[in-house]
Q: 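Below is a structure I'd like to ask you about.
The sequence lines fix the lettering, A, B, ..., with proteins before strands; numbering per chain opens at 1.
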Number of protein chains: 2
Amino acid sequence: MSKQSLPVVDLQAVACCSPIAVRPMDAEQAAVVAPMFKALGDPIRLRLMSMIASVPEICVCDLTPAFDVSGPTISHHLKVLRETGLVDAERRGTWVWYRVRPEVFRQLGALLDVPAATSADA
Amino acid sequence: MSKQSLPVVDLQAVACCSPIAVRPMDAEQAAVVAPMFKALGDPIRLRLMSMIASVPEICVCDLTPAFDVSGPTISHHLKVLRETGLVDAERRGTWVWYRVRPEVFRQLGALLDVPAATSADA
DNA sequence: ACCCTGTTTCGACGTCTGTCAAGCTAGAGA
DNA sequence: TCTCTAGCTTGACAGACGTCGAAACAGGGT
């Protein structure tokens with residue numbers, strides 16, 4: 001479980017970024033951030049992420065029934081979200097609980113911010 | 001050029017969405033939005049997007065030299081961004097100019113917003 | 001006509017997706 | 001404590017999809 005092996009999401013690299021509508025991203029930043037967007041680029045993972053993000057924490061047993069794919073498939077997708085550092089998992093007794101990593105999630109959102117008066121507003 | 005064939009980005013479906021940290025996304029919303037995140041899920045496309053978003057508009061001739069891949073490859077990635085509806089292209093004389101579609105871009109960012117006091121803050 | 005810019009086509013290669021089967025962990029019952 | 005069962009994850013595989021470049025094509029200037 002990722003409780004004891006939290007993926008090192010070079011938060012520095014993300015946290016120091018301005019919104020992409022403000023300053024172009026360099027290659028290293030892009031290499032760190034792209035996998036996160038990629039992880040959200042699958043409908044199932046996006047829904048998983050939204051289900052996890054909209055509550056403090058949620059049990060896998062509540063996630064799986066919401067989809068038409070098998071348990072292992074959900075587990076695979078959750079693994080992608082975990083390895084990308086977007087979510088954190090913890091086993092408590094029989095069940096595994098997932099929750100978002102707010103710092104990572106927030107930074108990701110910050111990249112897409114559109115500052116009030118940006119040229120992109122044209 | 002996509003000037004005369006702007007991809008219909010069911011903006012309704014996106015615009016009506018709360019941030020995913022507020023309310024889980026249904027399958028249809030996810031199907032519309034996921035391709036956009038997917039488009040940003042490649043380091044080259046992410047950098048292209050950031051270069052385009054950080055200025056009012058930009059010429060392909062300024063984009064291509066910034067990367068170590070061939071012209072056709074850049075063109076491929078730009079096509080993905082175009083077809084996803086994230087950017088718009090227009091030929092003016094010899095060169096093609098790209099610019100973001102602010103509504104789409106803004107809505108995408110809104111999905112990742114973290115409302116001030118959300119449970120995700122735990 | 002010729003050249004330049006950018007896109008498209010096509011093919012090779014790698015990566016991702018989803019299922020089945022097996023493995024592992026935790027709690028329940030004897 | 002030992003075994004049984006449930007819950008999830010991991011491994012291995014086949015099929016689908018994405019990535020990239022060489023070459024061919026179209027649009028525009030001169």
Q: Output yes when at least one side-chain N/O atom of A/Ser70 is less than 4.0 Å from OP1 or OP2 of C/dT19, else no.
A: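 Result: yes.
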
Q: Rounded to whole angstroms, how far apart are CD on B/Glu90 and C1' on C/dG6?
A: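 Value for this atom pair: 15 Å.
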
Q: Nearest to the side chain of B/Val60, which nucleotide is it out of C/dT7, D/dC8, D/dT19?
A: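 In terms of side-chain proximity for B/Val60, the closest of C/dT7, D/dC8, D/dT19 is C/dT7.
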
Q: Quick one: which of C/dT19, D/dC8, C/dG27 gets closest to the side chain of A/Thr94?
A: C/dG27

Q: In this structure, how many angstroms lie between the C1' atom of D/dT10 and the CG atom of A/Leu78, rounded?
A: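 One finds 13 Å between C1' of D/dT10 and CG of A/Leu78, rounded.
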
Q: So, the side chain of A/Gln29 versus the backbone of A/Asp26: is there a donor-acceptor pair under 3.5 Å, distance only?
A: yes

Q: Are any of B/Lys38's side-chain N or O atoms less than 4.0 Å away from OP1 or OP2 of D/dG18?
A: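 For B/Lys38, the contact criterion (side-chain N or O under 4.0 Å from OP1 or OP2 of D/dG18) is met.
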
Q: Please state how far atom CG in B/Leu63 lies from atom P in C/dT7, giving the value in whole angstrom units.
A: 10 Å

Q: In terms of hydrophobic clusters joined by side-chain contacts under 4.5 Å, are A/Val60 and A/Met49 together?
A: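 Yes, same cluster.
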
Q: Heavy atoms from C-beta onward define the side chain here; which of D/dG27, D/dC20, D/dT10 lies closest to that of A/Pro72?
A: D/dT10

Q: Determine whether B/Ile44 and B/Val100 fall in the same hydrophobic cluster, where Ile, Leu, Val, Met, Phe, Trp and Tyr are linked whenever their side-chain heavy atoms lie under 4.5 Å apart.
A: yes

Q: Of the listed nucleotides (C/dT8, D/dG21, D/dG28), which one gets closest to any side-chain atom of B/Lys79?
A: C/dT8

Q: I need the CG-P distance between B/Leu81 and D/dT19, as an integer number of Å.
A: 11 Å

Q: Can you tell which of D/dC20, C/dT7, D/dG27 lies closest to the side chain of B/Arg91?
A: D/dG27

Q: Looking at B/Ser75 and B/Pro72, would you say the former's side chain and the latter's main chain have a donor-acceptor pair under 3.5 Å?
A: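 Side chain of B/Ser75 to backbone of B/Pro72, a donor-acceptor pair under 3.5 Å: no, none is there.
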
Q: Please check if B/Phe67 and B/Leu46 belong to a single hydrophobic cluster, counting links between Ile, Leu, Val, Met, Phe, Trp and Tyr side chain heavy atoms closer than 4.5 Å.
A: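 Yes, same cluster.
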
Q: Is the shortest side-chain N/O distance from B/Thr73 to OP1 or OP2 of D/dC20 below 4.0 Å?
A: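 For B/Thr73, the contact criterion (side-chain N or O under 4.0 Å from OP1 or OP2 of D/dC20) is not met.
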
Q: Hey, is the side chain of B/Tyr98 poking within less than 4.0 Å of OP1 or OP2 on C/dG6, counting only N and O atoms?
A: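 It does not, given that no N or O in the side chain of B/Tyr98 lies less than 4.0 Å from OP1 or OP2 of C/dG6.
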
Q: Which nucleotide sits closest to the side chain of B/Arg45: C/dT7, D/dT10, D/dT19?
A: D/dT19

Q: Please determine, for the side chain of A/Trp95, which listed nucleotide (D/dC8, D/dC20, C/dG18) has the closest atom?
A: D/dC8

Q: On the nucleotide C/dG18, are OP1 or OP2 found under 4.0 Å from the side-chain N or O atoms that A/His77 carries?
A: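 A/His77 to C/dG18 OP1/OP2: side-chain N or O found under 4.0 Å.
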
Q: Can you check the B/Trp97 CH2 to C/dG6 C1' distance for me, whole Å?
A: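 Result: 14 Å.
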
Q: For the pair made of CG in A/Leu48 and P in C/dT17, what is the distance, rounded to whole Å?
A: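 In whole Å, C/dT17 P lies 12 Å from A/Leu48 CG.
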
Q: Could you check how far CG of A/Asp68 sits from P of C/dG18, rounded to whole Å?
A: 12 Å

Q: Output the rounded distance in Å from CD1 (B/Ile74) to C1' (D/dG21).
A: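 Interatomic distance, CD1 of B/Ile74 to C1' of D/dG21: 12 Å.
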
Q: Taking only side-chain N and O atoms of B/Arg92, does any of them lie within less than 4.0 angstrom of OP1 or OP2 on D/dG29?
A: no

Q: Is B/Tyr98 reachable from B/Val104 through a run of hydrophobic residues whose side-chain heavy atoms are each under 4.5 Å from the next?
A: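 Both belong to a single hydrophobic cluster.
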
Q: Taking the side chain of A/His76 as its heavy atoms from C-beta onward, which of C/dT7, D/dG21, C/dG18 lies nearest to it?
A: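 My answer, after comparing the listed nucleotides, is C/dG18.
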
